[in-house]
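To start, the structure itself, in structure tokens.
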Amino acid sequence: MSYQRLLMKKIIIAIDGHSACGKSSTAKVVAKKLGYMYIDSGAMYRATTYNFLQEGVDTKNPGQVDQALENTDIQFKIDGSGNSQVLLNGTFAEEFIRTMEVNQHVSEVSAISSVRRAMVSQQRQIGTEKGVVMDGRDIGSVVFPKAELKIFMTASLEVRAKRRQKELQEKGVFEELSDISSNLKSRDEADSTRADSPLVQAEDAIVVDTTHLTFNDQVDKIVKLAEQIIYDR
Ligand code: CDP
């Protein structure tokens with residue numbers, strides 16, 4: 001470890017915002033640049049949703065939900081490229097959790113309080129040592145209200161839908177732009193209006209609108225903000 005890195009103050013960076021505004025891809029690179037751990041909290045809700053769908057859980061039945069939560073083990077593991085990947089019950093889950101089916105159910109599952117309690121407690125556990133970049137919807141408002149840096153990312157719906165379509169195409173999946181757009185819109189609506197930990201902009205969050213920013217610009221912006229805090233600039 002370099003001398004400079006030893007002197008670094010470790011902080012928590014919370015990145016919240018609307019669906020598909022580039023939070024995850026940005027957070028991942030920011031974490032790499034700072035030598036921090038990256039945690040995709042959305043992947044935890046997605047993996048839980050996938051497991052509930054597999055087990056045919058009736059989300060209106062609290063007993064079934066609690067039972068299914070007991071059978072849902074979520075971990076993060078660093079893969080060969082140095083990226084943290086989500087594991088569901090011991091298996092890499094990435095390829096199963098970004099489907100339209102999961103997209104259509106994830107906001108409903110994420111609105112269940114017992115699900116949120118389980119995820120939030122694990123997220124706080126991961127953050128005890130700091131040096132973490134976590135992205136989601138409630139990271140700056142609920143999970144880490146004392147995070148040293150809070151970012152609220154957004155972009156126009158049109159740009160977000162196009163970016164998500166391109167991302168899926170790169171994985172060989174084609175979805176109509178209108179279907180992507182309406183899913184993003186309905187998730188934003190559901191995530192922002194749910195009773196438990198809705199998506200809100202924390203009072204002390206810095207807004208980063210990525211509609212007209214390049215990917216590198218948005219990464220640089222957040223890294224600079226983080227370095228100001230880390231090195232007391
Ligand atoms: O990548 P994308 O922006 O499409 O979504 P995501 O970050 O993977 O999150 C998927 C869904 O999980 C969101 O639409 C929320 O319903 C839920 N979520 C949440 O409730 N709280 C979080 N901290 C993260 C995600």
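Note that ligands are numbered from 1 as they come in the structure, with each ligand's atoms numbered from 1 the same way.
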Q. Salt bridge between K130 and E148, side-chain N to carboxylate O under 4.0 Å?
A.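 Looking at K130 and E148, the cut-off is met.
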Q. Any link between V159 and L177 through a network of hydrophobic side chains (Ile, Leu, Val, Met, Phe, Trp, Tyr) touching at under 4.5 Å?
A.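 No; L177 is not reachable from V159 via cluster members.
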Q: Measure from the side-chain N and O atoms of R160 to the backbone N and O of A20, and report whether any donor-acceptor pair falls under 3.5 Å.
A: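 Pair absent, no side-chain N/O of R160 close to backbone of A20.
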Q | Test ring pair (Phe, Tyr, Trp, His ring centres under 6.0 Å) applied to Y38 - qualifying residues, sequence neighbours left out | A |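 Ring pair (Phe, Tyr, Trp, His ring centres under 6.0 Å) check on Y38 returns nothing, list empty.
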Q | Residues which pass side-chain contact (heavy atoms from CB on, under 4.5 Å) with A205, listed by chain and number, not counting sequence neighbours | A |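 Expected list: K150, F152, Q201, A202.
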Q: With sequence neighbours left out, write down each residue that passes side-chain contact (heavy atoms from CB on, under 4.5 Å) with V65, or none if nothing qualifies.
A: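 Testing V65 for side-chain contact (heavy atoms from CB on, under 4.5 Å), a comparison that skips the adjacent residues, returns F52, V57, L69, I112, S114, V115.
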Under 3.5 Å, N/O to N/O: give me all the pairs between ligand 1 and the protein, one per line with atom names and distance.
residue	atom	partner	partner atom	Å
ligand 1	1 (O)	R164	NH2	3.1
ligand 1	3 (O)	A20	N	2.8
ligand 1	3 (O)	K23	NZ	3.3
ligand 1	3 (O)	R137	NH2	3.3
ligand 1	4 (O)	R46	NH2	3.2
ligand 1	4 (O)	R164	NH1	2.9
ligand 1	4 (O)	R164	NH2	3.4
ligand 1	4 (O)	R187	NH1	3.2
ligand 1	4 (O)	R187	NH2	2.8
ligand 1	5 (O)	R137	NH2	3.1
ligand 1	5 (O)	R187	NH1	3.2
ligand 1	7 (O)	R137	NH1	3.1
ligand 1	8 (O)	R46	NE	2.7
ligand 1	14 (O)	R137	NH2	3.4
ligand 1	14 (O)	R187	NH1	3.0
ligand 1	14 (O)	D191	OD2	2.7
ligand 1	16 (O)	S107	OG	3.2
ligand 1	16 (O)	S110	OG	3.4
ligand 1	16 (O)	D191	OD1	2.7
ligand 1	16 (O)	D191	OD2	3.3
ligand 1	20 (O)	R116	NH1	2.8
ligand 1	20 (O)	R116	NH2	3.4
ligand 1	20 (O)	R194	NH1	2.8
ligand 1	20 (O)	R194	NH2	3.1
ligand 1	21 (N)	R116	NH2	3.0
ligand 1	23 (N)	S41	OG	2.9
ligand 1	23 (N)	R137	N	3.1
ligand 1	23 (N)	D138	OD1	2.8

